[in-house]
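Taking it in order: structure first as structure tokens, then the write-up.
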Amino acid sequence: MLDIKMLREDPQYVAEQLKRRKFEFDVDQFQQLDQTRKEAQTRTEALQAERNAKSKEIGQAKAQGKDVQAVIQQMSVVNDKLKKNEVLLADVQQQLQDILYQLPNLLDASVPNGLDEANNVEVSRWGEPSEFDFEAQDHVALGEKRGWMDFKTAAKISGSRFVVLRGPLARMQRALIDFMLDIHTKEHGYTEVYVPNLVNSDSLFGTGQLPKFAEDQFRVMGEQDLWLIPTAEVPVTNFMRGEVVSGKELPLKFVAHTPCFRSEAGSYGKDTRGMIRQHQFEKVEMVQIVKPEESFDALEVIRSNAETILQRLGIAYRVVVLCAGDTGFCSAKTYDLEVWLPGQKKYREISSCSNLVDFQARRMDAKYRDADGHLQYVHTLNGSGLAVGRTLIAVMENYQDAEGHIHVPEALQPYMGGVKVL
RNA sequence: GGAGAGGUGGCCGAGUGGCCGAAGGCGCUCCCCUGCUAAGGGAGUAUGGGGGAAUACUCCAUCGAGGGUUCGAAUCCCUCCCUCUCCGCCA
């Protein structure tokens, strides 16, 4: 969420900035509401002050054995007024809050303009897209032919957008998770964490999935307030919710492997073939909690940490910076890594690395004490390192041969018990 | 699932209706003393919001969350959440 002070001081600026996202912020409506709020708050607080003073009076008078009936009479009038004002104030504050919660983050100045993914800007490329002297197959053809990728059984037991992996592919997915976690913990300085895969709505609010994106989540039936996580970002970033840490403890760097669950509401008909877009997929996620002045450097580091995985696997990719219209609700700036998929002859997203600056920290009240002893919001970042299901696809498609065998990338072989070809 | 105890400031911990935003201790910051990796003395030390030029002052809110009783609630009542102990069950 944005700083309400900034909204009050310079709503025009916020409105202009949000226009880059094609988000319309109604300045007049906001200012009117805030004016109402201010009046209601002033009145309410004056009445509260009066109530407090009179109550104190009563206490003292009683102690001296004086009669307090007259003052108590006056109080009932004050209390009536107070109740009315409190109700009004709560209502206005609720309205302001609703507006505030719907406002996306301000974009960093370096984010390019543009409406949708067509306007994302490529910033770098690594490797050469694989060339084959035969017709490259996609992962579905490769996987189903050997009986290792089974959408039919998954559909029977769960429905569409699920998969069953068997034998070597199940093993390779596990190997990829292990491989990624090893690199991030041993070489990049992240602490591995194991976290709940069900979270409460406060956590989803903290990272920005609620209230606006409830329909993208899976909610658990029953008494309890629990939702399946759409990404490990939710439980891990929420470590910080309501916490104050000392500046010395920053940066905090966590990496977690979790399954991720997404309803994919609104993506009907999109990527219906194969494992690209599933309701459930594995992901290794990096999260950093840093000081404000360090967050944009940290974003570059997270991006390179994600790149390392693809480089070690020897798979071509490119990096794009998302344009204004494609950048997520909470993010100030996002890089996507797009991996080359020979089966589609396209680069497809395999990682998303974002700097949320203080947007999530405000929502979850996550602060640190700086060198001067002042409290400040931390900055939060996250990046996929990487989406494991899509990495599996990328390995399959880029390392296939004419017979439909899949060669295991050298870096992954130790994690596959030395097996070189599937 | 059964029985009980509890959730207070960075931490520990007192506080059962007004003089409590909250004793005391620890920690931390500054000053004094001390010729030494110690001890002692003094002062300060929650967060958010309103007014204000103000890190002066002042008002409001906050003692797990939300309701209620009351002129007045950290303190009484209700609901919920969480933690701990014992028993049962269990991957």
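So that the names make sense, note that chain A is the first sequence line, chain B the second, and so on, each numbered from 1. Only this structure's heavy atoms are used, side chains among them; waters, hydrogens and symmetry mates stay out.
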Both distances below 3.5 Å, Watson-Crick or wobble geometry, any strand: find the nucleotide opposite [N].
| N | result |
| --- | --- |
| B/rA54 | none |
| B/rG35 | none |
| B/rU85 | B/rA3 |
| B/rU75 | none |
| B/rU62 | B/rA46 |
| B/rA14 | none |
| B/rC90 | none |

Per A/S55 side chain, nearest of listed nucleotides B/rA61, B/rG50, B/rC71: B/rC71
Proximal nucleotide (of B/rC71, B/rG49, B/rA61) relative to the A/R8 side chain: B/rG49
Classify [X] by what it touches in the nucleic acid, base, sugar-phosphate, or nothing, heavy-atom distance under 4.0 Å.
| X | result |
| --- | --- |
| A/R37 | sugar-phosphate |
| A/K38 | sugar-phosphate |
| A/N52 | sugar-phosphate |

[N] [atom2] sits how many Å from [X] [atom1], rounded?
| X | N | atom1 | atom2 | value |
| --- | --- | --- | --- | --- |
| A/N79 | B/rU70 | CG | C1' | 10 Å |
| A/R241 | B/rU47 | CZ | P | 21 Å |
| A/E243 | B/rU47 | CD | P | 16 Å |
| A/D3 | B/rG48 | CG | C1' | 13 Å |
| A/K81 | B/rC71 | NZ | P | 18 Å |
| A/Q48 | B/rG72 | CD | C1' | 13 Å |
| A/Q41 | B/rG49 | CD | P | 11 Å |
| A/L47 | B/rC60 | CG | P | 12 Å |

Upstream residue (5' side of RNA chain B) when A/K56 and A/I4 are each assigned their closest nucleotide: A/K56
First of A/R369 and A/A46 reached from the 5' end of RNA chain B, by closest nucleotide: A/R369
Nearest atoms (heavy-atom pairs only) where A/I315 meets A/Y399: CG1-CE1, 3.9 Å
Where A/Q413 and A/V408 come nearest, the two heavy atoms and their spacing: NE2-O, 3.0 Å
Closer than 4.0 Å, any side-chain N/O of [X] to the OP1 or OP2 of [N]?
| X | N | result |
| --- | --- | --- |
| A/K5 | B/rG49 | yes |
| A/R362 | B/rG48 | no |
| A/K83 | B/rG68 | no |

Can you tell me, in whole Å, how much space there is between the [atom1] of [N] and that of [M]?
| N | M | atom1 | answer |
| --- | --- | --- | --- |
| B/rA53 | B/rA14 | P | 45 Å |
| B/rU75 | B/rU16 | C1' | 5 Å |
| B/rC63 | B/rG4 | C1' | 24 Å |
| B/rG35 | B/rU45 | P | 32 Å |
| B/rC87 | B/rU69 | C1' | 37 Å |
| B/rA73 | B/rU8 | C1' | 14 Å |
| B/rG2 | B/rC89 | C1' | 11 Å |
| B/rA74 | B/rA56 | P | 26 Å |

Sequence neighbours excluded - side-chain hydrogen bond (donor to acceptor under 3.5 Å, both in side chains) pairs with any residue from residues 94-116 of chain A: A/R20-A/N113, A/D91-A/Q95, A/Q94-A/D98, A/Q97-A/Y101, A/D108-A/S110, A/S110-A/K333
Parallel, tilted or perpendicular, as decided by the 30° and 60° cut-offs, for the rings of A/Y190 and A/H188: perpendicular
Centroid-centroid distance, A/F213 to A/F329, less than 6.0 Å: yes
Centroid separation A/F261 to A/F218 less than 6.0 Å: no
Among A/R262, A/Q280, A/R277, A/M275, side chain to side chain contact (heavy atoms under 4.5 Å, CB included) partner for A/R161: A/R277
